[in-house]
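To find a chain, count down the sequence lines: A is the first, B the second, and so on, and within it residues start at 1. Since we're looking at a predicted model, the values are computed, not measured.
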Protein chains: 2
Amino acid sequence: MSLKHGLLGFLNYGDMTGYELNKAFKDSLNFFWPAHASQIYRDLAAMEKKEWLTSRRIMQEDKPNKRLYSITDDGKDELNKWLTLRNGDEGVCTRDAFLVKVFFSGEKTIDENIKMFEDYRDNCQKALNMRAKIDNNIDEYKKDIVDAQKAFYWMATAQYGSHHYSMCIAWANEMIEKMEAMR
Amino acid sequence: MSLKHGLLGFLNYGDMTGYELNKAFKDSLNFFWPAHASQIYRDLAAMEKKEWLTSRRIMQEDKPNKRLYSITDDGKDELNKWLTLRNGDEGVCTRDAFLVKVFFSGEKTIDENIKMFEDYRDNCQKALNMRAKIDNNIDEYKKDIVDAQKAFYWMATAQYGSHHYSMCIAWANEMIEKMEAMR
DNA sequence: TGGGTCATGTAACCTGTTACATGATTAG
DNA sequence: CTAATCATGTAACAGGTTACATGACCCA
């Protein structure tokens, strides 16, 4: 997986510009796969060279001109190849800088660490609250791209998000409690 | 965070070779921060240039010669800077390719997706079982580096791992159940 | 005699991050 | 008046992945 597959996924729903793709990522996948606009534009250009996409310029008068991308048959093949590819450790092994930091936090005082965990918990709580927004976004998109099938998998990822943050909050609270007992 | 900080963390416990660092990663942090041996050696060289480390060659007769790294005061400063740096979204936003795949899985048949989730669940189960091993490793290291303080934070990350995989398994089962009802 | 452990690296490549640049229109 | 939206990109850099190379010793 790389950003390219995410872009192919969206373009498979219909033609989009880099700007729109950037928004689509922010509105839905951002929690699982953050993307910078600059990378989106760069990868779109690279994918056009590979002939996974074609593009055409759309002239506009009151707004800047834009470039609309369409997925090709090669692009669809690539997307399906990725979708049906069996996952090895994908999803099972997650890179998480916070956990590494925790691992080495024996160097710090308990009070510092309690604060670090409280911060973390609060950030998770904020993220959990924001999930409600994401669910709204999915509901809105649902109206445009009417397809109960698709919507189910969007909801599945949203569900994961909620479970994930709840778990993190519970874990942080457990650890804070233990640290307070140690103090 | 980058691999460099993880390496500094271990070297702060005592001098180590690239080979030993590679094993230390595999035995403990692998689930949160997988590292390739080639990157470890490359980053060690880069860190020596920055004077975060010094190294000396150890000659051996029946085994290949090796290079032992020691952390410098600059290296310790860098480590502490990172450890005490306030986390923004670190830990809150996790990159997870499997979730992206799920998001776009409306393109596939329900049967294919059930299989995908079953695979995922089984991988998580395997990972969960392997956590027992990690716990053993931590117990062993505990004897060498006797420090209850440190051990607590190692256990905290291990706890996270168990919680994480249990949550993933539960989520996958929920989704499989729903998909089976849709079939 | 084949595979695991010990031990270190190089090179090429791919992917992601940060900083910068431009400039019109529109809503508060 | 000022901030947001629309819209696209370049350049440099940092970090991670894959493939390859070497070679001895030891255990089954």
Side-chain angles (χ1 to χ4, degrees), chain A residues 1-8 15-27 29-30 32-50 52-53 55-69 78 82 88-90 93-97 100, chain B residues 1-8 15-27 29-30 32-50 52-53 55-69 78 82 88-90 93-97 100:
Chain A
M1 156 90 200
S2 67
L3 178 61
K4 295 190 178 67
H5 295 105
L7 296 169
L8 285 174
D15 297 353
M16 287 172 95
T17 66
Y19 189 81
E20 286 166 340
L21 284 161
N22 188 39
K23 275 217 284 191
F25 263 85
K26 293 262 170 303
D27 287 347
L29 286 172
N30 204 45
F32 313 120
W33 207 272
H36 292 275
S38 63
Q39 199 192 347
I40 291 175
Y41 287 112
R42 188 230 264 154
D43 281 0
L44 285 170
M47 289 159 85
E48 198 176 1
K49 246 185 214 164
K50 288 196 189 198
W52 293 355
L53 306 178
S55 78
R56 67 209 132 99
R57 258 207 117 73
I58 309 267
M59 299 305 179
Q60 296 186 121
E61 275 172 18
D62 49 343
K63 293 178 199 171
N65 298 331
K66 58 188 183 179
R67 183 171 294 277
L68 196 68
Y69 287 91
E78 179 60 33
W82 171 66
D89 288 340
E90 266 187 357
C93 169
T94 323
R95 220 173 262 283
D96 191 330
V100 179
Chain B
M1 156 91 201
S2 67
L3 179 61
K4 294 190 179 69
H5 294 106
L7 296 170
L8 285 175
D15 297 353
M16 289 173 93
T17 66
Y19 190 81
E20 286 165 340
L21 283 161
N22 188 40
K23 275 217 284 190
F25 263 86
K26 293 263 169 301
D27 287 348
L29 286 172
N30 203 45
F32 314 120
W33 208 272
H36 293 274
S38 63
Q39 200 193 347
I40 291 175
Y41 287 111
R42 189 230 264 156
D43 281 1
L44 285 171
M47 288 159 85
E48 198 176 1
K49 247 186 215 162
K50 289 195 188 198
W52 294 354
L53 307 177
S55 79
R56 68 211 133 100
R57 258 206 118 73
I58 309 268
M59 300 303 178
Q60 296 185 122
E61 271 172 22
D62 48 342
K63 294 178 199 170
N65 298 332
K66 59 186 183 180
R67 183 172 294 277
L68 195 67
Y69 288 91
E78 179 60 32
W82 170 67
D89 288 341
E90 264 187 1
C93 168
T94 323
R95 221 171 261 284
D96 190 330
V100 179

Would one find a side-chain N or O of A:Ser2 under 4.0 angstrom from OP1 or OP2 of C:dT15? yes
Does a side-chain N or O from B:Lys23 land closer than 4.0 Å to OP1 or OP2 of C:dC6, or not? yes
Pairing pattern in dot-bracket form [Watson-Crick, G-U; both distances under 3.5 Å; | = partner strand] for DNA chain C: ||||||||||||||||||||||||||||
Using whole Å, report how far [atom1] of [X] lies from [atom2] of [N].
| X | N | atom1 | atom2 | value |
| --- | --- | --- | --- | --- |
| A:His5 | C:dG16 | NE2 | C1' | 16 Å |
| B:Asn65 | C:dT5 | CG | C1' | 16 Å |
| B:Leu21 | C:dA7 | CG | C1' | 13 Å |
| B:Lys26 | C:dA7 | NZ | P | 16 Å |
| B:Phe25 | C:dA7 | CZ | C1' | 18 Å |
| A:Lys66 | C:dT25 | NZ | P | 17 Å |

Among all residues two or more places apart in sequence or in another chain, which pass the side chain to side chain contact (heavy atoms under 4.5 Å, CB included) test with A:Pro64? none
List the residues meeting side chain to side chain contact (heavy atoms under 4.5 Å, CB included) with B:Phe25, not counting sequence neighbours, and say none if there are none. B:Leu3, B:Leu7, B:Phe10, B:Leu29, B:Trp33, B:Ala35
Which sits closer to the 5' end of DNA chain C, B:Leu68 or B:Arg95, going by the nucleotide each is nearest to? B:Leu68
Here's a test of your reading of the structure: between A:Lys63 and B:Thr17, which maps to the more 5' nucleotide of DNA chain C? B:Thr17
If you compare all heavy atoms of A:Met47 against all heavy atoms of A:Lys4, which two are closest, and at what distance to 0.1 Å? CE-O, 3.4 Å
Testing the basics here: between B:Tyr41 and B:Tyr19, what is the closest heavy-atom pair and its distance to 0.1 Å? OH-N, 3.4 Å
Approximate separation, where rounding is to 0.5 Å, of A:Asn22 CG and A:Met16 CE: 10.0 Å
To the nearest 0.5 Å, how far apart are CG in B:Leu53 and OH in B:Tyr69? 7.5 Å
Under the side-chain contact (heavy atoms from CB on, under 4.5 Å) criterion, do B:Arg95 and A:Arg95 qualify, and how do the steps go? CA-CA 7 Å; B:Arg95 221 171 261 284; A:Arg95 220 173 262 283; over 6 Å; no
Sidechain-backbone polar pair: B:Arg56 side chain, B:Leu68 backbone, donor-acceptor under 3.5 Å: no
Donor-acceptor contact below 3.5 Å, side chain A:Glu20 vs main chain A:Thr17: yes
Classify the angle between the aromatic ring planes of B:His5 and B:Trp82 as parallel (below 30°), tilted (30 to 60°) or perpendicular (above 60°). parallel
Does anyone know the first and last nucleotide of DNA chain D in reach of chain B, 5' to 3', at under 4.0 angstrom to a heavy atom? D:dG15 to D:dC25
Name every residue in residues 34-43 of chain A that has at least one heavy atom under 4.0 Å from any atom of DNA chain D, in order of residue number, or write none if there are no such residues. A:Ser38, A:Tyr41, A:Arg42
Which residues satisfy the side-chain hydrogen bond (donor to acceptor under 3.5 Å, both in side chains) test with A:Glu48, sequence neighbours excluded? A:Ser55
